[in-house]
Structure formats: structure tokens, C-alpha cells
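Taking it in order: structure first as C-alpha cells, then the write-up.
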Amino acid sequence: MYLAKLTVHNSQWRENDQQNQRKNANLLWSSSTWILALLPPDSIEQLLARTQAIAGLTLAELAGQLEVKLPVDLKRDKGTVGQLIEAALGACAGSKAEPDFPHLGVELKTLPIDRYGKPLESTYVCVAPLTGTVLEQFAESWVCRKLQRVLWVPIFAEREIPLAERIIGNGFLWQPSVMQYQALQQDWEELMEQISLGGLDQIRGANGKYLQLRPKAANSKALTTGIGSQGEAVQTLPRGFYLKTSFTSAVLAAQFNLA
DNA sequence: TTCTGATCATAA
DNA sequence: TTATGATCAGAA
């Protein structure tokens, strides 16, 4: 672990449509100058301060401050934005199955959005357990624990915008509302029931209102153990839980008072 | 244009 | 292989 100073420059919203700029810019983006450290934040307040400090920066600017090289595009480096934000906020590196900020109980998620503040992609939550989950309850599930507290960091990331010019938005801390929690629980219970009953092959991305089950693997040949239609063990494609954009869109709308 | 299934890099 | 970080890209 090391300390690094990060000076954040003022930056401006790169947007041609002046009306959209007025409508969303002040809500989604801020610009400021801060100094921050790359040690893990020791409080929620410090984490939020760091989040605000990088808001308004382009990815190239942040990469420059962190002295890391930014790839030309994400075709071969899909996780680079998330890792960049992790580094800027002082998240613990590594691929451990725990929150990015274990001591704070906070999970970090970047969220690519378009000029209207709508998510461009579904959001990966965690791998789906395909065996030995009959007695598991939602409250103890990985899905629930991961989504207990999330620091969402929107990234203005329309595909036409070069990676380097994409802008970091105003991150914010979120907890599911009672209704959101119940909706997620319902989706989760339905999906998990089907998994445990051997109906995995019939589950498509369209199942679930907000939470969906989709492949999460190196490629279509990757295999893991699952439950077959007769209850037997079979080799199948690893799956992961994802939040549909309708869900994350509502989260953003509530946070930024968008229509 | 949106959505689902497929895919890429890396660490342990 | 499974976990982390996700987006790609063709089908619908």
C-alpha cells in the first residue's frame, strides 16, 4: 500500500446538446479540486469525499493521475474502468468474494450511462450457486449481501465516446428500499427454485423482473457442476446474477430526480 | 434499438 | 476453475 496524491482538475461536460447539458449536467456531474490518498478509506464519509473528488474527471485524466496506462478501448479490457475507480477510491485489490470495502460493508459498482442518465449495460452482481442451495435464504445469499450497500459510480460512457474521454459522474451510496428488496427477493427465489429443481436449462435472461440469470464464463465451453432435469449432477455453463437496466435506471432516477 | 447469450483479462 | 472487474456483439 502506498500514498499518492491525486489532484483533480476542473473539467467540463463534453456535450453538444445544450438543453440536455442543462437538464442533466448539474445533477450528474460536479467539478472540483481535491487531494486524496490511496489508502483504504476508514469511514463512509472519507469514501464519499473521494468519490466526489473524482467526479467530473475524464478517465484519461484519472489514469494520468494514477500513472496507469489506459487501453484504447474495452474490447480486451472490459474491467479496466472498474479497476481504475477501485484504485482511485482505495479499494482492496484482488478477486476475493467479499465487498470492495469489507470494513465498511460497501460494494463498488461502476455504471455506464448515456447522456440521459440511462444505464447502457446490465450490472453483474455475483456468480450463481448451482448446487447445494436448497436451504439457502435470500437474506444469506450472495446477491443480498452484495447489494446491501452499494457505491454506484456512473460513467458517461456512450460507445461513440473514446474511452479516454468518458467522464466520471457523481457516485453515491445506495441501499435497497423495502420495495426494491422485496422485488429482488422474489426474482431470486424464483430463479433459485428453478435452479434447485433442475430447470436451469430453461432459465433465460428474460426470467426475473429485475434480477436475471445469464452466462458468466470465459466462453461457451466453460463448464461447472449443476443440477440436471432428473436431479442428477451435470456439467453446465457457469451463470451469474445480473441487475437489469430497468432496475439500475430506477436507482439513478431516484438519486438524481430524473424523470 | 434493446436484450440475451458470449466473451475478455487477471489473480489465486 | 472460480472469483474479481465488466462489455461485446449478434439476434430479436
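Each chain gets a letter, A, B and so on, in the order its sequence line appears, and its residues count up from 1.
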By the 4.0 Å heavy-atom rule, please label A:Leu237 as base, sugar-phosphate, or nothing.
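Touches sugar-phosphate only.
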
[atom1]/[X]: more than 12 non-hydrogen atoms of other groups inside 6.0 Å:
{"X": "A:Tyr210", "atom1": "OH", "result": "no"}
{"X": "A:Gln235", "atom1": "CD", "result": "yes"}
{"X": "A:Lys146", "atom1": "NZ", "result": "yes"}

In this structure, how many angstroms lie between the [atom2] atom of [N] and the [atom1] atom of [X], rounded?
{"X": "A:Lys244", "N": "B:dT2", "atom1": "NZ", "atom2": "C1'", "value": "12 Å"}
{"X": "A:Glu158", "N": "B:dT1", "atom1": "CD", "atom2": "P", "value": "11 Å"}
{"X": "A:Asp114", "N": "B:dT1", "atom1": "CG", "atom2": "P", "value": "11 Å"}
{"X": "A:Leu70", "N": "B:dA9", "atom1": "CG", "atom2": "P", "value": "16 Å"}
{"X": "A:Phe101", "N": "C:dT4", "atom1": "CZ", "atom2": "C1'", "value": "14 Å"}
{"X": "A:Leu84", "N": "B:dA9", "atom1": "CG", "atom2": "P", "value": "18 Å"}
{"X": "A:Leu213", "N": "B:dT4", "atom1": "CG", "atom2": "P", "value": "12 Å"}

Tell me yes or no: between the side chains of A:Gln65 and A:Glu61, is some donor less than 3.5 Å from an acceptor?
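On atom types as modelled, these side chains do not qualify, holding no pair under 3.5 Å.
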
Any chance the side chains of A:Arg239 and A:Thr224 put a donor and an acceptor closer than 3.5 Å?
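Their side chains do not contain a donor-acceptor pair, so the 3.5 Å distance test is not met.
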
With a 4.0 Å cut-off on N to O distance, would you call A:Glu158 and A:Lys118 a salt bridge?
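No, no charged N to carboxylate O under 4.0 Å.
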
Determine, for nucleotides 5-12 of chain C in 5'-to-3' order, which nucleotides have protein heavy atoms under 4.0 Å from the base (write B), from only the sugar-phosphate (write S), or from neither (write -).
BBBBB---

Determine, for A:Phe156 and A:Arg166, whether the Lys NZ or Arg CZ falls below 6.0 Å from the six-membered ring centre while staying within 45 degrees of the axis.
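No, cation not above the ring by the 6.0 Å, 45° rule.
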
What about the rings of A:Tyr124 and A:Phe241, do their centers lie closer together than 6.0 Å?
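Ring centroids of A:Tyr124 and A:Phe241 are no less than 6.0 Å from each other.
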
Under 4.0 Å from OP1 or OP2 of B:dG5: is there any side-chain N or O of A:Ser220 that close?
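No, A:Ser220 has no side-chain N/O under 4.0 Å of OP1/OP2 on B:dG5.
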
Of the options A:Thr236, A:Thr225, A:Ile227, which is the one that meets A:Leu130 in a side-chain contact (heavy atoms from CB on, under 4.5 Å)?
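Exactly one option meets the side-chain contact (heavy atoms from CB on, under 4.5 Å) with A:Leu130, and it is A:Thr236.
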
Go through residues 203-212 of chain A and report each residue with a non-hydrogen atom lying under 4.0 Å from DNA chain B, sorted by number.
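Contacts with DNA chain B under 4.0 Å: A:Arg204, A:Gly205, A:Ala206, A:Gln212.
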
